[in-house]
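Naming: A, B, ... by sequence-line order, numbering from 1 per chain. The analysis underlying the following values was restricted to heavy atoms, covering all of them including side chains, and did not include hydrogens, waters or symmetry mates.
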Protein chains: 2
Amino acid sequence: MADHSEFNIGELAREFGVTTRTIRHYEEIGLLQPMRRGQARIYSPADRTRLKLILRGKRLGFSLDESRAIVDLYDPARGNKEQLQALLARIQQQRDKLNAQLTDIKQMLSSLDDAEESCRKALKKARKQEKKQTKTQANKKGKT
Amino acid sequence: MADHSEFNIGELAREFGVTTRTIRHYEEIGLLQPMRRGQARIYSPADRTRLKLILRGKRLGFSLDESRAIVDLYDPARGNKEQLQALLARIQQQRDKLNAQLTDIKQMLSSLDDAEESCRKALKKARKQEKKQTKTQANKKGKT
DNA sequence: TTAGAAATTTACGTTTACGTAAACGTAAAT
DNA sequence: ATTTACGTTTACGTAAACGTAAATTTCTAA
């Protein structure tokens with residue numbers, strides 16, 4: 001059951017937090033090609049890794065077609081010299097894209113710092129206002 | 001025209017590499033609310049910034065609804081203490097998500113390094129094979 | 001002032017990435 | 001033997017994010 005030499009669809013779905021429908025969908029479009037035992041799909045550790053890569057791509061906003069291309073970078077149909085050169089180029093393109101995302105993320109994180117700061121300032125003001133209110137109310141009570 | 005105090009839809013579309021349809025779509029779902037001069041849409045620098053933030057979110061794979069939430073982080077309806085606290089929490093959540101993406105990207109970049117290395121090795125082999133071929137052909141020519 | 005470029009609205013179409021329902025097979029436990 | 005908990009195929013549905021076409025108006029430069 002848990003020997004980790006093979007997996008069934010439910011195990012993978014649970015592990016990665018997706019539905020079985022999702023995994024079957026990836027098979028429909030040729031992203032996964034598990035073995036069969038009778039009707040049932042049997043996933044190898046390599047299949048599991050492919051799925052993991054696809055889902056990582058998803059988290060970064062890649063389409064399934066882009067993810068397919070990415071997976072192919074790691075597990076290419078090793079061909080002739082021209083194909084290897086082309087592969088190198090695609091690897092570099094992918095790197096460029098990821099580095100662009102890095103830039104975007106860093107900018108966003110820095111903006112978040114600003115947002116947090118101005119938020120904290122607003123909170124301090126709000127607290128001050130609150131104290132004033134409390135004092136006023138205390139006075140009122142005193143007068144009562 | 002280019003005084004940068006206002007923009008029309010075509011200028012923004014060109015600047016950010018999207019179609020006017022896209023920008024109008026963002027208006028349809030309430031992400032942008034440009035002024036009107038007659039029928040024509042007039043975008044302020046603030047509108048332009050919003051658009052820039054939305055598109056940055058898109059590049060990172062966020063849905064338009066997520067992008068809306070992100071933009072609201074920077075430009076919130078400054079409310080009471082509870083709302084400010086909630087805002088702080090959302091800011092932190094967003095930070096967490098971005099940091100998770102950072103991890104994914106770093107892992108991908110490292111995998112790309114591996115892929116490139118194995119690709120370069122394969123290339124060297126291919127070149128060696130080529131040299132052998134060349135020599136053989138040279139021999140053949142010599143024999144001819 | 002008139003052609004042409006760029007703007008507008010309306011509305012239906014398309015792609016991606018699954019969701020969902022129906023109808024059924026399989027295997028283990030009771 | 002039947003319930004339970006998976007699995008399967010088939011096929012239509014759907015939400016998001018625009019694309020695209022048509023018909024119209026509005027600027028702008030010659």
Side-chain angles (χ1 to χ4, degrees), chain A residues 1-4 6-44 47-48 50-72 97 104, chain B residues 1-3 5-44 47-48 50-72 97 104:
Chain A
M1 257 216 176
D3 68 352
H4 292 174
E6 51 183 60
F7 311 85
N8 64 33
I9 197 168
E11 288 169 347
L12 290 186
R14 250 166 280 140
E15 174 174 5
F16 293 115
V18 298
T19 67
T20 58
R21 176 69 181 92
T22 296
I23 297 179
R24 288 200 198 93
H25 177 63
Y26 294 166
E27 183 175 346
E28 282 175 18
I29 64 174
L31 274 175
L32 294 173
Q33 303 173 56
M35 296 286 100
R36 295 293 181 124
R37 177 167 308 139
Q39 265 194 322
R41 295 168 170 82
I42 305 294
Y43 297 86
S44 71
D47 290 328
R48 178 173 165 278
R50 279 182 77 90
L51 177 56
K52 186 152 76 171
L53 293 178
I54 294 162
L55 294 176
R56 177 190 290 165
K58 258 199 64 174
R59 289 198 298 274
L60 294 176
F62 298 140
S63 72
L64 293 182
D65 259 17
E66 287 174 316
S67 284
R68 184 206 313 282
I70 292 171
V71 174
D72 287 349
K97 188 166 182 191
D104 280 334
Chain B
M1 258 219 175
D3 68 353
S5 78
E6 50 183 59
F7 311 84
N8 65 32
I9 196 168
E11 288 170 346
L12 291 186
R14 251 166 280 139
E15 174 174 4
F16 293 114
V18 299
T19 67
T20 59
R21 176 68 182 91
T22 296
I23 296 179
R24 290 199 195 93
H25 177 64
Y26 294 166
E27 183 176 347
E28 284 174 17
I29 64 174
L31 274 175
L32 294 173
Q33 303 172 56
M35 298 283 98
R36 295 292 182 125
R37 171 140 51 231
Q39 266 195 320
R41 295 167 172 83
I42 306 293
Y43 297 86
S44 71
D47 290 328
R48 178 173 165 280
R50 279 182 76 90
L51 178 56
K52 186 154 73 171
L53 292 180
I54 293 162
L55 295 177
R56 178 191 289 166
K58 259 198 64 174
R59 289 197 297 274
L60 294 176
F62 298 141
S63 73
L64 294 183
D65 259 18
E66 287 173 316
S67 285
R68 182 206 313 280
I70 292 171
V71 173
D72 288 348
K97 188 167 181 191
D104 279 334

Item to check | Whole angstrom value for the distance that separates C1' of C:dA7 from CZ of B:R41 | outcome: 9 Å
Item to check | Salt-bridge contact A:R36-A:E6 (side-chain N to carboxylate O under 4.0 Å) | outcome: no
Next on the checklist: Just the rounded figure in Å: distance from P of D:dA17 to CD1 of B:I54.
Outcome noted: 11 Å
Checklist entry - Does B:E28 come within less than 4.0 Å of B:R21, counting only side-chain N to carboxylate O? => result yes
Checklist outcome for this item: Judged by nearest nucleotide, the residue sitting upstream toward the 5' end of DNA chain D, B:D65 or B:R37, is B:D65
Checklist entry - Counting any heavy atom closer than 4.0 Å, what does B:I29 reach on the DNA or RNA strands: base, sugar-phosphate only, or nothing? => result nothing
Checklist entry - Where each pair must be Watson-Crick or G-U wobble with both distances under 3.5 Å, what dot-bracket representation of DNA chain C is obtained, with crossing pairs in [ ] and other-strand partners as |? => result ||||||||||||||||||||||||||||||
Checklist entry - Can you tell me if the side-chain N/O atoms of A:R24 get under 4.0 Å from OP1 or OP2 in C:dA17? => result no
Checklist outcome for this item: Output for pair (B:T20 OG1, B:R14 CZ), nearest 0.5 Å, gives 10.0 Å
Item to check | Rounded interatomic separation in angstrom, taking CD from B:E27 and P from C:dA7 | outcome: 14 Å
Checklist entry - B:F16 versus B:I23: any side-chain heavy-atom pair under 4.5 Å? => result no
Checklist entry - Can you tell me how far P of D:dC6 sits from CD of A:E11, to the nearest Å? => result 11 Å
Item to check | Side chains of A:F62 and A:K97 in contact at under 4.5 Å (non-hydrogen atoms) | outcome: yes
Item to check | Charged N-O contact under 4.0 Å between B:E15 and B:R48 | outcome: yes
Give me, pair by pair, the N or O atoms of the protein and of nucleotides 18-20 of chain C that are less than 3.5 Å apart, along with how far apart they are.
from	atom 1	to	atom 2	distance (Å)
C:dC18	OP1	A:K58	NZ	3.0
C:dC18	OP2	A:Y26	OH	2.8
C:dG19	OP2	A:T19	OG1	2.7
C:dG19	N7	A:R21	NE	3.2
C:dG19	O6	A:R21	NH2	3.2
C:dT20	O4	A:R21	NE	3.0

Item to check | Phosphate OP1/OP2 of C:dA7 contacted by B:N8 side-chain N/O (<4.0 Å) | outcome: yes
Item to check | Pair A:D65 + A:R68, salt bridge at N-O below 4.0 Å | outcome: yes
Checklist outcome for this item: A:I23 atom CD1 is separated from C:dA17 atom C1', nearest whole Å, by 14 Å
Next on the checklist: I want to check something: taking the side chain as every heavy atom from C-beta on, are B:V71 and B:I54 in contact at a cut-off of under 4.5 Å?
Outcome noted: yes
Next on the checklist: If you define the side chain from C-beta out and look only at heavy atoms, does anything of A:I42 sit under 4.5 Å from A:P34?
Outcome noted: no
Checklist entry - For the pair made of CG in B:L51 and P in D:dC18, what is the distance, rounded to whole Å? => result 11 Å
Checklist entry - When the distance from CD of B:Q39 to C1' of D:dT25 is rounded to whole Å, what number comes out? => result 6 Å
Item to check | Interatomic distance, B:I42 CD1 vs C:dA7 P [rounded to whole Å] | outcome: 11 Å
